[in-house]
Amino acid sequence: MIKAVRGFKDVLPEESIYWQFLEEKTKNLLKAFGFRELRIPVLEKLELFDRGIGSTTDIVEKEMYTFKDKGGELVAMRPEATASIARAYIEHALHLKDPLGKYFFIGPMFRYERPQAGRLRQFNQINIEVFGAKSPSLDAEIIALLHYISCDIGIEDGVTLEINHIGCKKCRPLYREILMNYLNLSKENLCDDCKRRLERNPLRILDCKKQNCKNISLNAPKIIDYLCEECKTYFDAVVDYLGVYKVPHIINPMIVRGLDYYTGIVFELITTELGAQGAVAAGGRYDHLVEELGGPRVAGIGFAIGEERAVEMIKKRKKLDLPSPFFFFALLGEEAKRRCIPIATDLRKSGIYTELEHEEKSLKSQMRKANKLKAKYAVIVGEDELRRGIAIVRDMKEKKQFEVSLKLESFLSLCQGGAE
Ligand SMILES: [Zn+2]
Ligand SMILES: [Zn+2]
């Protein structure tokens, strides 16, 4: 038997209804906020992520699905969406078309993670990106959008929204220096990864999940105390607008985000429900990304929601059932089938979930099937009913039956007030 590749997962119908719920709720809200769907390809040139995400990040260093294609080109399966969406934005000169580009994308990302730790190598994200503006009220709006999504999918009681400001090109190098000096004092106690990070990317150490590193980070100087005047004013204004948008949040100076393109405001939607504390969603500003990828100087902000995590939280709170048929046509004989197929088809075209039996089965076995599918009505038609021009309709829940004339209108009127 051939099984799925390790780290890759099927989503069966009983579970995919939760995914549909998450995506539909989110899409509805995104449309109301003016977001448009921008679909990106799975494969990109490796260089895009090297330059976009940063060559010293964990993603690019160890987690990418990269290979040489048959033409010898080095390609990568997208490990995240922001760099790809920025690439598309530049390639199609969208800054000329959309003064404020608001895009979303839902789809799988790929990282070569360790499946034994329960990590998936194909996981799914809802990505939201805004290009072309920088303003505290916009930042607050995007953070608010994440909060509103968490409310619409009903998980807001299990998450906290945490925000931070990681400085700009002016003040971050200074802080980096101060942080590096502090961390150097405890260098021996850092994990191996963090020892390497110390020279290249010390801010990432604040993000390390190892207990030793966490303890050291706890007393580290906080970026928030070293922001330049401009950054500080901006951050205060965002916090102020979060009040206007009525978004509960806390300021967490430990949030730094793992990708190089972030600058300024960063935020995470944190939960403690899924084992270790983790982010269900995360994002921030990336004002230099488009320019660094060879595009115009255009500011950006966005976030990604981890769908697996969001779905897990929804499932803890909500029971969703697969849809069940409104009508199940239990048919006896060829003639009954020929008479009922057009009626069933018209019902389906009107959006009413209808099933009919294709095989020659006894009435008893067809009723068992209707029961198993949790049909609301079984419609029984055999030779006798055909002769009389009627159908027997059985209400499966009430266990009562009655006769209707064998025409579309009879069934449509049964649906009124209760079409599903
Ligand atoms: Zn600054
Ligand atoms: Zn560490």
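Both backbone and side-chain heavy atoms feed into the values below; hydrogens, waters and symmetry mates do not. When a ligand or atom number is given, it counts from 1 through the structure's own listing order.
Listed for the Asp69 side chain is a donor-acceptor partner under 3.5 Å among the backbone atoms of Gly71. For the pair Lys337 (side chain) and His358 (backbone), a donor-acceptor distance under 3.5 Å is present. With hydrogens and angles disregarded, a donor-acceptor distance shorter than 3.5 Å links the side chain of Gln366 to the backbone of Lys361.
Looking only at atom types and distance, the side chain of Asn124 has a donor-acceptor partner in the side chain of Glu308 under 3.5 Å away. Side-chain contact, Asn127 with Tyr103: no donor N or O sits under 3.5 Å from an acceptor N or O.
Screening Glu398, Met396, Lys397 for a side chain to side chain contact (heavy atoms under 4.5 Å, CB included) with Lys400, the sole residue that qualifies is Glu398. Test Glu44, Glu129, Glu47 against Arg87 for salt bridge (Lys or Arg N to Asp or Glu O under 4.0 Å) and you get one pass: Glu44.
For the Zn ion (ligand 1), the count of nearby protein N, O or S atoms, meaning those under 2.8 Å away, is 4.
Aromatic pair Phe411/Phe329: ring centres closer than 6.0 Å. Checked against the 6.0 Å centroid threshold, Phe328 and Tyr377 do not count as a close aromatic pair.
Here the protein contributes Cys191 SG, Cys194 SG, Cys208 SG, Cys213 SG as N, O or S atoms under 2.8 Å from the Zn ion (ligand 2).
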